[in-house]
Amino acid sequence: MSELLGVAVLGAGHMGADHVRRLDRVVSGARVAAVADPDIDRAEEAVAGIDGASVHAEAEAALDAPGVRAVLIASPGPAHEEALLAAFARGLPVLCEKPLAPESAGALRVMEAEVRLGRRLAQVGFMRRYDAEYLRLKSLLDSGRLGRPLMLHCTHRNVSSPPDFTSAMLVNSSVSHEIDAARWLLGQELTAVTVLRPRSSSAAPEGLIDPQFVLFETAGGALVDVEVFVNCGFGYQVACEAVGETGSARIGDERSLAVTTAGGRHEEVARDYLVRFADAYDREVQAWVDATRAGRVTGPGVWDGYAASAVAEAGVRALESGGRVAVELVPRPDLYA
């Protein structure tokens with residue numbers, strides 16, 4: 001197929017604008033056909049210099065714009081369910097940034113809608129599955145060279161939290177990536193969550209429980225722990241160590257640019273996720289475009305988005321109660337077998 005895939009991008013904020021740039025300048029086989037954002041000026045700024053891209057205040061207007069054959073959802077989480085259902089109604093393939101929906105009930109409604117269609121249309125944006133280091137770790141675990149996996153030790157640190165960031169969001173926003181990565185790396189569902197609360201950092205805004213230590217149990221008897229610290233102050237750091245019966249492997253420690261001057265030696269630390277996972281986002285969107293043009297849907301799907309939401313909800317309940325909370329999932333539909 002030689003025709004470029006016309007994509008409607010919903011949301012022109014930090015993530016959406018970066019995807020507009022990616023589709024226009026990095027990814028092959030696609031073009032930005034439309035952008036929607038309630039802030040028209042922001043949408044206009046995102047498409048500046050891109051020929052043929054229309055701008056809309058309403059998401060559905062962008063979906064109906066001429067030339068749109070696929071949708072990339074990068075709007076705030078509460079808008080995802082409505083946008084996904086609108087795309088499904090039009091038969092449009094979708095790449096939806098996480099979360100699939102903020103609550104598992106909404107994710108379940110999206111899943112039920114896709115099941116009624118009888119075919120997959122949506123991929124969820126868990127980009128770590130496309131990161132070179134994570135892919136190597138996944139290959140190593142699948143090869144059996146580490147033996148049966150016993151534990152994953154994960155670190156997730158941010159320079160600072162955005163305004164209005166809540167204690168629950170450390171689990172259902174930040175740790176949601178570790179939730180999906182653990183399920184994917186181990187090939188196991190997460191079955192229970194416990195959240196421990198060390199004393200909060202003096203850098204954390206008043207009332208924010210930061211850092212947190214999250215412990216997941218899996219269906220296969222492995223344990224996954226996550227240190228999430230969203231006001232560490234010094235950089236964006238994501239790491240994961242897998243411990244098996246016969247070996248271990250760690251990712252996230254690759255050395256970045258090191259500069260030596262008369263005053264000493266300095267090594268750069270990524271400041272946000274768009275820097276650390278830039279290549280992963282590029283691979284993710286390119287893979288989605290290639291699959292969509294071929295009439296296929298690959299990558300993490302609606303079931304993965306639903307499972308992540310359900311686990312995150314259990315995690316928030318564990319944070320609030322101080323106890324261990326079991327994860328409850330509906331039976332997996334045959335569409336996602």
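Both backbone and side-chain heavy atoms feed into the values below; hydrogens, waters and symmetry mates do not.
Ion pair Glu114/Arg120 not flagged as a salt bridge, since none of the NZ, NE, NH1 or NH2 atoms sits closer than 4.0 Å to an Asp/Glu carboxylate oxygen. Ion pairing between a basic and an acidic side chain is recognised when a charged N comes within 4.0 Å of a carboxylate O; Arg293 and Glu3 show no such pairing. With salt bridges taken as basic N to acidic carboxylate O contacts below 4.0 Å, none links Glu284 and Arg22.
A donor-acceptor distance shorter than 3.5 angstrom exists from the side chain of Glu133 to the backbone of Gly252, with no hydrogens or angles considered. Panel note: side chain Asp304, backbone Gly301; a donor-acceptor pair is recorded below 3.5 Å. A donor-acceptor contact shorter than 3.5 Å is absent between the side chain of Thr194 and the backbone of Leu215. Listed for the His153 side chain is no donor-acceptor partner under 3.5 Å among the backbone atoms of Asp225. Listed for the Lys98 side chain is no donor-acceptor partner under 3.5 Å among the backbone atoms of Gly77. Glu81 places no side-chain N or O within 3.5 Å of a backbone atom of Arg109 that could act as its donor or acceptor partner. In this structure, the side chain of Ser139 does not engage the main chain of Leu135 through any donor-acceptor pair within 3.5 Å. Judged purely by atom type and a 3.5 angstrom limit, Thr292 has no side-chain atom pairing as donor or acceptor with the backbone of Val289. Not a single donor-acceptor pair under 3.5 Å links the side chain of Arg157 to the backbone N or O of Gln237. Side chain of Ser201 to backbone of Pro211: no donor-acceptor contact under 3.5 angstrom is found.
Under the 4.5 Å side-chain criterion, counting only non-hydrogen atoms from C-beta, Glu45 is not in contact with Asp41. Under the 4.5 Å side-chain criterion, counting only non-hydrogen atoms from C-beta, Cys154 is in contact with Val224. Counting heavy atoms from C-beta on, the side chains of Phe126 and His177 come closer than 4.5 Å. With a 4.5 Å cut-off on side-chain heavy atoms, Tyr130 and Val285 do not count as touching. Counting only heavy atoms from C-beta outward, the side chains of Trp184 and Arg128 never approach each other to under 4.5 Å. Taking 4.5 Å as the limit, some side-chain heavy atom of Ser167 sits within range of a side-chain heavy atom of Gln212.
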List the atom pairs, with distances to 0.1 Å, where a side-chain N or O of residues 240-251 and a protein N or O form a donor-acceptor pair under 3.5 Å, not counting sequence neighbours.
{"unit_1": "Glu245", "atom_1": "OE2", "unit_2": "Arg148", "atom_2": "NE", "d": "3.3"}
{"unit_1": "Glu245", "atom_1": "OE2", "unit_2": "Arg148", "atom_2": "NH2", "d": "3.0"}
{"unit_1": "Thr246", "atom_1": "OG1", "unit_2": "Arg145", "atom_2": "O", "d": "3.2"}
{"unit_1": "Thr246", "atom_1": "OG1", "unit_2": "Leu146", "atom_2": "O", "d": "3.1"}
{"unit_1": "Thr246", "atom_1": "OG1", "unit_2": "Gly147", "atom_2": "N", "d": "3.1"}
{"unit_1": "Arg250", "atom_1": "NE", "unit_2": "Asp253", "atom_2": "OD2", "d": "2.4"}

I'd like a table of donor-acceptor pairs (distance under 3.5 Å, sequence neighbours excluded) in which one partner is a side-chain atom from residues 6-15, with atom names and distances.
none

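Trp303 and Leu85 fall within the same hydrophobic cluster, where Ile, Leu, Val, Met, Phe, Trp and Tyr residues are linked whenever their side-chain heavy atoms come under 4.5 Å apart, directly or through other members. Cluster annotation: Leu335 and Leu92 are assigned to the same hydrophobic cluster (Ile/Leu/Val/Met/Phe/Trp/Tyr, side-chain heavy-atom contacts under 4.5 Å, transitive). Val27 and Trp288 fall within a single hydrophobic cluster, where Ile, Leu, Val, Met, Phe, Trp and Tyr side chains are chained together by heavy-atom contacts under 4.5 Å. Hydrophobic clustering keeps Met127 apart from Val26 (ILVMFWY residues linked when any side-chain heavy atoms are closer than 4.5 Å, directly or through intermediates). Note on Phe277: it clusters hydrophobically with Val230, by side-chain heavy-atom contacts below 4.5 Å among ILVMFWY residues.
Atom CG of Asp334 sits in a sparse spot, with 12 or fewer heavy atoms from other residues, nucleotides or ligands closer than 6.0 Å. Within a 6.0 Å sphere centred on CD of Gln188, heavy atoms belonging to other residues, nucleotides or ligands number more than 12. Arg197 CZ: 12 or fewer foreign heavy atoms inside a 6.0 Å radius. Heavy atoms from other residues, nucleotides or ligands lying under 6.0 Å from CD of Glu103 number 12 at most.
Distance CD/Glu178 to OG1/Thr155: 8.5 Å, rounded to 0.5 Å. Met169 contributes atom CE, which lies 12.5 Å from atom CG of Asp210 (distance to the nearest 0.5 angstrom). One distance of note links CG of Leu63 with CZ of Arg90; it measures 5.0 Å at 0.5 Å rounding. How far CE of Met151 is from OG1 of Thr218: 12.0 Å, rounded to the nearest 0.5 Å. Atom CZ of Arg183 is separated from atom CG of Leu185 by 11.5 Å, given to the nearest 0.5 angstrom. Taken to the nearest 0.5 Å, the CG atom of Leu186 stands 12.0 Å off from the CZ atom of Phe216.
Between Asn231 and Ser161, the side chains place a donor N or O and an acceptor N or O closer than 3.5 Å (distance only, hydrogens not considered). Between the side chains of Glu112 and Tyr306, no donor N or O sits under 3.5 Å from an acceptor N or O.
In terms of heavy atoms, Ala318 sits closest to Gly323 at CB-O, 3.4 Å. Taking all atoms of both residues into account, the shortest heavy-atom contact from Pro300 to Arg129 is CB-CZ, 3.6 Å. The shortest non-hydrogen separation linking Leu84 to Ala122 is CD2-CB, 4.2 Å. The heavy-atom pair separating Pro66 from Ala33 by the smallest distance is O-CB, 4.3 Å. Among all heavy-atom pairs drawn from Ala314 and Val193, the shortest one is CB-CG2, 4.0 Å. The minimum heavy-atom distance linking Asp37 with Ala43 is given by the pair CB-CB, 4.0 Å.
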**OP:** Would you please test Arg119 and Val297 for side chain to side chain contact (heavy atoms under 4.5 Å, CB included) and show each step?
**Re:** CA-CA 9 Å; Arg119 61 192 178 102; Val297 178; over 6 Å; no
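Tyr236 and His156 have perpendicular rings, their planes meeting at more than 60° on a 0 to 90° scale where under 30° would count as parallel.
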